[in-house]
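Reviewing the structure listed below.
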Number of protein chains: 2
Amino acid sequence: MNDRISPEPPATLAELMRRGNVFAEQCPSREVLKHVTSRWGVLLLVALRDGTQRFSDLRRKVGGISEKMLAQTLQWLEADGFVARIAHPVVPPHVEYSLTPLGEELAQKVEALADWIEFKLPEIMAARVRRESGG
Amino acid sequence: MNDRISPEPPATLAELMRRGNVFAEQCPSREVLKHVTSRWGVLLLVALRDGTQRFSDLRRKVGGISEKMLAQTLQWLEADGFVARIAHPVVPPHVEYSLTPLGEELAQKVEALADWIEFKLPEIMAARVRRESGG
DNA sequence: TTGGGTACTTACCTTTTCGTGCGTACTTAC
DNA sequence: GTAAGTACGCACGAAAAGGTAAGTACCCAA
């Protein structure tokens, strides 16, 4: 019925990108995905499900994170509208971080993923051992 | 009742790591999480939900991936027991990749996350604009 | 008065990631 | 004969990520 080869991709790329399509290289959803699935992004989102916390609290909770990466990752998540930052203008700085409603939705999905991995870890490691021992 | 400072961490770190605890820096779940949430890992897991596919099929489906990264990421996912690789020893190489049952479970969680981001993208971008325009 | 805690920023340097291009061994199509 | 496709491996270099250390401005405890 139709031409097999059309001069333009179907439904316009721009439209796909506006809707969100992770398979399209230029889609901004790739950027968001990058922040969310970044090394520390996942951990922070899960950590923040425990409620409002301060910078140093998060630093202590998330093992191995540096101050630099904590600050940077929080800024990404804030820019994407997932975390809210409230700075109290007091003398030793006091800043509180929490999830926005949007962030809470997201964090649930992320935690589901992280929990699944933790739960299945023995099974995963077992599969790895089978492979290494040449089974 | 107890000492505030105990010479050993509670319940032993090793035990926490065997069970899986992403917040512990040395836990192997961090490694698995890294593979799964890597730039291309997410995309490949979602792409493989469409069923068994060949190397080149995946390359074409996932926009922007290089052959090197495709091969490497597939190897990670295979080592973790999420994808199965079947090589037919024929003359132009023919290799098929598919999700294992474990991988299918995982891919569902990952797809839920990716879908949510795609679906909420307009909302996310809107939040970003508000911020940039000094709201 | 020295040291530690708060919430960062900046500069510097190392590590990791990733893309590009080339090679392979062979077949099919042109 | 030449080009293209298949499924990679390898080597090189650029780019990005990320750790470390120091600085800030001020307070509190020892």
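Throughout, protein chains are lettered first and strands after them, A, B, ... in sequence-line order, and every chain is numbered starting at 1. The shown structure was predicted, so the numbers you read here are calculated from the model rather than taken from an experiment.
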Next item on the list: Counting Watson-Crick and G-U wobble pairs only, both distances under 3.5 Å, name the nucleotide matched with C:dA29, or none.
Entry: D:dT2
Item checked: Length of the line joining A:Glu78:CD and C:dA7:C1', which is rounded to integer Å -> 14 Å
Note to self: Within this structure, what is the NZ-CG distance for the pair B:Lys109 and A:Asp115, rounded to the nearest 0.5 Å?
What the structure shows: 8.5 Å
Margin query: If you define the side chain from C-beta out and look only at heavy atoms, does anything of A:Arg39 sit under 4.5 Å from B:Lys34?
Written below: no
Notebook entry, point to check: Nearest of C:dA11, D:dC8, D:dA11 to any side-chain atom of B:Tyr97?
Noted result: D:dC8
Item checked: Position toward the 5' end of DNA chain D (nearest nucleotide), A:Pro93 or A:Lys68 -> A:Lys68
Check: Taking only side-chain nitrogens and oxygens of B:Arg39, does any of them come within less than 4.0 Å of OP1 or OP2 of C:dG19?
Finding: yes
Next item on the list: Report which part of the nucleic acid B:Gln75 touches: base, sugar-phosphate, or nothing (heavy-atom distance under 4.0 Å, all strands).
Entry: sugar-phosphate
Margin query: Using Watson-Crick or G-U wobble geometry with both distances under 3.5 Å, which nucleotide pairs with D:dG18?
Written below: C:dC13
Notebook entry, point to check: According to a strict under-4.0 Å criterion, is A:Arg60 in side-chain N/O contact with OP1 or OP2 of C:dT6?
Noted result: yes
Margin query: Measuring to OP1 and OP2 of C:dT6, would you say a side-chain N or O of A:Ser56 lies under 4.0 angstrom away?
Written below: yes
Checklist line | Selection from C:dC26, D:dT6, D:dC27 that lies nearest to any side-chain heavy atom of B:Val91 | finding: C:dC26
Item checked: A:Ser66, nearest nucleotide to its side chain (from C:dC8, D:dG19, D:dC12) -> D:dG19
Margin query: What is the separation between atom NE2 on B:His94 and atom P on D:dT6, rounded to the nearest whole Å?
Written below: 11 Å
Notebook entry, point to check: Distance from B:Leu74 atom CG to B:Tyr97 atom OH, nearest 0.5 Å?
Noted result: 5.0 Å
Next item on the list: Give one of base, sugar-phosphate or nothing for B:Arg85, where a contact means two heavy atoms less than 4.0 Å apart.
Entry: sugar-phosphate
Notebook entry, point to check: Do you know which of B:Arg85, B:Arg54, B:His88 makes side-chain contact (heavy atoms from CB on, under 4.5 Å) with B:Val95?
Noted result: B:Arg85
Notebook entry, point to check: Can you tell me how far the CG atom of B:Leu33 sits from the CG atom of A:Leu113, to the nearest 0.5 Å?
Noted result: 6.5 Å
Item checked: N or O in side chain of A:Lys34 less than 4.0 angstrom from D:dA17 OP1/OP2 -> yes
Next item on the list: Ignoring backbone atoms, establish whether A:Arg54 has a side-chain N or O less than 4.0 Å from OP1 or OP2 of C:dA7.
Entry: yes
